[in-house]
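The next block holds one structure in the form of structure tokens; read it before the comments.
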Amino acid sequence: MQTDTCRCVIFLAKSETLPSKYMNQKELRAAMRSGRRVYGTLVSSDAPHWPDYVRTIGLDYVFIDTEHIALDRKQMSWMCKAYAAMGLPPIVRITSPDPYLASVAIDAGAAGVMVPYVETVEQVKALHGAVKLRPIKGERLQRILDGEEVAPKLANYLQRTAGENILIINVESKPAMDNLDEILSVEGLDGVLIGPHDLSCSLDIPEEYDSPEFDAAARTIFRKARQHGVAAGIQTGTNLDQAVSWAQEDGLNLFLQSADVAAMQMLLTAQVGELRTKLGDKKESDGTGGMAI
């Protein structure tokens, strides 16, 4: 049986010298906060040859989702280590706004975490502690989050070992929008990313991404994020003109473009459909939808 270690060694040997264009974790965080546009995609496959294909796309980071995709801790860690080694910082979405799960992702090799359905300042503060102040926990951590001064030696250590970890939260509900100014003011937050499906449902306009109401909500979130020096992001699909408009007019700079599975489905649907049409074998759609983003 081929072990994960063997797979990683084989992959790295094949990849040879990494291009200098890639950003490391520190550079990605700085770019996000400065407003520079960065591009990533959702990678769901842990196939050993997949990273070598992903590295040719021209991405700045990869997104690994453990909230909606059945990846265990070992798979997630292998993916993090592989992509980090090739110069694509991995951002892992955890399953809930739990500081301990954030620590698990960082321990597994994530350059940063994305946290779903965050709605309160208290949640962001706790996540800041888990991501940026590790390994401090418990009562001491709470005192620091409440404003207690940290001794210089410890402060330098925390900055050196955890200060460049990336913290991104999903804004995907009306309560989160209502609390957005306070949330964006929390120290340690590096980015907000709209979960379009959940946000549209919270606004009572499910999946109406082209509606004026959704457009206005997205633009409000992007503008407020950039005003606070925080990256403004959304998981985008096929409406690239809409994304370009948001970037040019409202500061959208954290792009999470589609997913490997969605891109494969879209391409193969078109190609198989074209073949069937040209050969007179056209098949009626079964009505199933694509992957929700």
Side-chain angles (χ1 to χ4, degrees), residues 19 21-23 28 31-45 50 53-65 67-69 83 88-91 93 114 116 166 168-172 177 190-203 205-226 230-274 285 288-293:
K21 64 182 180 181
Y22 292 122
M23 288 188 283
L28 175 63
M32 287 170 47
R33 295 187 64 97
S34 71
R36 176 180 167 186
R37 289 187 286 275
V38 296
Y39 301 86
T41 192
L42 188 159
V43 177
S44 62
S45 174
W50 209 240
Y53 297 116
V54 173
R55 73 194 295 270
T56 67
I57 297 173
L59 302 173
D60 298 308
Y61 71 97
V62 294
F63 174 54
I64 300 169
D65 187 9
E67 181 191 15
H68 297 304
I69 298 172
Y83 285 108
L88 284 176
I91 304 296
R93 180 157 61 187
M114 187 178 296
I166 297 168
I168 303 169
I169 64 166
N170 279 144
V171 174
E172 39 196 356
M177 288 191 63
D190 297 307
V192 297
L193 187 133
I194 295 173
H197 181 263
D198 285 7
L199 181 60
S200 70
C201 291
S202 183
L203 295 173
I205 48 171
E207 299 188 8
E208 294 181 17
Y209 307 126
D210 295 326
S211 71
E213 186 175 356
F214 184 86
D215 182 71
R219 291 179 187 274
T220 296
I221 293 169
F222 299 145
R223 289 171 181 169
K224 286 190 174 184
R226 293 307 309 138
V230 171
I234 190 169
Q235 188 164 10
T236 48
T238 57
N239 190 342
L240 300 185
D241 288 338
Q242 184 184 51
V244 168
S245 174
W246 287 335
Q248 292 176 336
E249 299 174 15
D250 306 289
L252 169 63
N253 72 309
L254 177 60
F255 287 83
L256 177 54
Q257 177 59 33
S258 191
D260 51 6
V261 175
M264 178 196 72
Q265 180 193 41
M266 194 182 314
L267 177 62
L268 288 180
T269 298
Q271 290 180 341
V272 172
E274 183 178 356
S285 170
T288 59
M291 180 179 178
I293 59 172

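For E213, there are no side-chain hydrogen bond (donor to acceptor under 3.5 Å, both in side chains) partners, not counting sequence neighbours.
To the nearest 0.5 Å, atoms OG1 (T236) and CG (L256) are separated by 6.5 Å. To the nearest 0.5 Å, atoms OG (S44) and NE2 (H68) are separated by 13.0 Å. Distance check, rounded to the nearest 0.5 Å: CE of M32 to CD1 of I168 gives 4.0 Å. Rounded to the nearest 0.5 Å, atoms CD (Q235) and CG (L254) are 10.5 Å apart.
In terms of modelled atom types and a separation under 3.5 Å, the side chain of N253 and the main chain of R36 share a donor-acceptor contact. Proximity of a side-chain donor or acceptor of S34 to a complementary backbone N or O of A31 within less than 3.5 Å is detected. In this structure, the side chain of D60 engages the main chain of Y39 through a donor-acceptor pair within 3.5 Å. Although no hydrogens or angles enter the test, the distance criterion places no donor-acceptor pair under 3.5 Å between the side chain of N170 and the main chain of I194. R226 contributes a side-chain N or O that, together with a main-chain N or O of R33, makes up a donor-acceptor pair within less than 3.5 Å. A donor-acceptor pair under 3.5 Å links the side-chain atoms of Q257 to the main chain of G237, judged by distance alone. Panel note: side chain T220, backbone A216; a donor-acceptor pair is recorded below 3.5 Å.
Under the 4.5 Å side-chain criterion, counting only non-hydrogen atoms from C-beta, D260 is not in contact with Y53. Here the side chains of E67 and M114 are not in contact, with every heavy-atom distance at 4.5 Å or above. Under the 4.5 Å side-chain criterion, counting only non-hydrogen atoms from C-beta, S202 is not in contact with E172. Considering only heavy atoms from C-beta on, S245 comes within 4.5 Å of R219 through its side chain. Proximity of V43 to Y83: side-chain heavy atoms (C-beta onward) are separated by under 4.5 Å at one or more points. By the 4.5 Å heavy-atom criterion applied to side chains, I69 and L42 are counted as neighbours. D210 has its side chain out of reach of D215: every pair of non-hydrogen atoms, C-beta onward, lies at least 4.5 Å apart. For the pair I234/I221, no side-chain contact is recorded, criterion being any heavy-atom separation below 4.5 Å from C-beta on.
Residues A225 and A231 approach most closely at CB-O, 4.0 Å, considering heavy atoms. Contact record, F255 with A243: CE2-CB, 4.0 Å, taken as the closest heavy-atom pair. Here the closest heavy-atom approach between residue D190 and residue I166 is recorded as OD2-CA, 3.4 Å. When all heavy atoms are compared, the tightest approach of P89 to Y61 is O-CB, 3.2 Å. Contact detail for V192 and V230: the closest heavy-atom pair is N-CG1, 3.8 Å. Of all heavy-atom pairs between I64 and P90, the closest is CD1-CB, 4.0 Å.
Using bins of under 30°, 30° to 60° and over 60° for the plane-to-plane angle, the ring pair F214/Y209 lands in the perpendicular bin.
Around CZ of R37, the count of heavy atoms belonging to other residues, nucleotides or ligands within 6.0 Å does not exceed 12.
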